[in-house]
Amino acid sequence: AMLKKITDGSIRHFAVVGGEPLLHPEINKFIEILSENFPNSKKQITTNNLLLNKMDKSFWEICRKYQIDFKCSMYRESLSKEELIRVLWKFNELGYFKYTKGIVFGRNGIEKSYYYETMEEALNDSVISKLNVPIIYDADISHKGPSITIINGAIAEITCKDGKDS
């Protein structure tokens with residue numbers, strides 16, 4: 001109620017981020033309170049997606065009722081190219097890409113591969129190549145410098161022309 005009073009109820013977008021929001025025992029109640037106090041706001045949860053298949057029916061009912069968007073945060077610095085392809089396949093099988101509008105990959109920490117020379121080659125051979133969404137490879141975002149820091153759940157507009165950022 002205090003946030004609604006301070007903002008006059010005019011917040012356009014909420015992103016629930018930090019740690020792993022799905023671990024919070026009151027996540028359903030939090031979504032309800034947020035949604036009822038800010039019914040016209042876009043609401044999003046940023047998660048590593050590992051707990052989505054363990055969430056109960058009431059969680060999914062609340063998310064549908066209040067039109068909660070999900071964003072995936074995945075830190076892949078420790079994955080080889082082949083391991084990344086397997087993780088993406090599993091995510092796809094679990095439905096994590098159902099509402100994906102685009103994917104940005106930072107530089108990979110492990111360049112070792114038994115089959116692929118480049119990350120783009122490996123990702124083109126993965127399930128995400130069939131998603132029909134824009135994919136950016138080797139962006140300067142990651143946990144290893146040099147990099148641009150992007151807060152999980154941040155909203156950005158990215159433009160690209162002829163395969164390069166602009």
Side-chain angles (χ1 to χ4, degrees), residues 1-79 83-109 123 126-128 131-145 147-160 165:
M2 176 67 116
L3 188 56
K4 187 174 181 179
K5 183 177 181 180
I6 292 171
T7 64
D8 196 25
S10 60
I11 294 178
R12 295 182 309 165
H13 183 212
F14 273 98
V16 182
V17 299
E20 176 50 57
L22 301 183
L23 285 172
H24 196 286
E26 301 281 337
I27 188 70
N28 291 6
K29 187 174 184 178
F30 181 76
I31 292 169
E32 285 183 306
I33 291 170
L34 180 67
S35 299
E36 289 169 4
N37 282 286
F38 300 94
N40 299 320
S41 298
K42 179 178 179 180
K43 292 158 283 293
Q44 155 197 322
I45 295 175
T46 299
T47 172
N48 64 18
N49 289 345
L50 298 177
L51 296 175
L52 285 176
N53 62 343
K54 295 180 180 173
M55 301 307 288
D56 64 22
K57 185 179 179 181
S58 65
F59 171 79
W60 292 110
E61 288 170 353
I62 289 168
C63 289
R64 272 191 292 282
K65 177 179 178 182
Y66 296 114
Q67 300 175 356
I68 303 299
D69 288 335
F70 288 90
K71 292 213 176 188
C72 173
S73 61
M74 181 175 75
Y75 306 103
R76 62 180 187 85
E77 282 92 352
S78 60
L79 298 177
E83 290 169 323
L84 177 60
I85 287 173
R86 285 192 296 275
V87 167
L88 293 171
W89 176 82
K90 180 168 179 131
F91 280 0
N92 191 58
E93 288 295 306
L94 293 170
Y96 295 169
F97 298 124
K98 186 175 181 179
Y99 301 107
T100 298
K101 304 235 183 334
I103 301 173
V104 178
F105 285 96
R107 287 172 276 104
N108 196 30
L123 293 172
S126 74
V127 297
I128 64 166
L131 295 177
N132 198 26
V133 298
I135 300 171
I136 297 174
Y137 308 95
D138 296 323
D140 284 331
I141 56 169
S142 70
H143 285 104
K144 300 178 190 258
S147 64
I148 298 170
T149 301
I150 296 179
I151 298 169
N152 283 348
I155 296 175
E157 182 175 316
I158 300 172
T159 57
C160 185
D165 63 355

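Keep in mind that what you see is a predicted model, and the values were worked out from it rather than measured.
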message = Return the OG to CG distance between S41 and L34, rounded to the nearest 0.5 Å.
response = 7.0 Å
note = Rounded to the nearest 0.5 Å, the CZ atom of F97 sits from the CD1 atom of I103 at a distance of 5.0 Å
query = Mind checking whether I31 and F59 have side chains closer than 4.5 Å, heavy atoms only?
reply = yes
task = Find the distance between CD (E83) and CD1 (I85) and round it off to the nearest 0.5 Å.
result = 11.0 Å
message = Checking W89 now: which residues fulfil ring pair (Phe, Tyr, Trp, His ring centres under 6.0 Å) with it, not counting sequence neighbours?
response = none
request  = State which residues pass ring pair (Phe, Tyr, Trp, His ring centres under 6.0 Å) with F70; sequence neighbours excluded, sorted by chain then number.
outcome  = W60
message = Within this structure, what is the CD1-CD1 distance for the pair I128 and I135, rounded to the nearest 0.5 Å?
response = 4.0 Å
message = Looking at every heavy atom in both P39 and K43, which two are closest together, and how far apart are they?
response = O-NZ, 3.9 Å
request  = For D56, look at atom CG and say whether over 12 heavy atoms of other residues, nucleotides or ligands are found less than 6.0 Å away.
outcome  = yes
When the side chains of residues 16-30 are checked against the rest of the protein, which donor-acceptor pairs come out under 3.5 Å, sequence neighbours left out?
from	atom 1	to	atom 2	distance (Å)
E20	OE1	T47	OG1	3.1
E20	OE1	N48	N	3.0
E20	OE2	L22	N	3.3
E20	OE2	T47	OG1	2.7
H24	ND1	E26	N	2.9
N28	ND2	S58	OG	3.1

ask   = More than 12 foreign heavy atoms under 6.0 Å from CD of E93: is that the case here?
value = yes
task = Look up atom OG in S35 and atom CG in N40, then write down how far apart they are to the nearest 0.5 Å.
result = 11.0 Å
ask   = Is there a side-chain contact between I62 and I68 (heavy atoms, below 4.5 Å)?
value = no
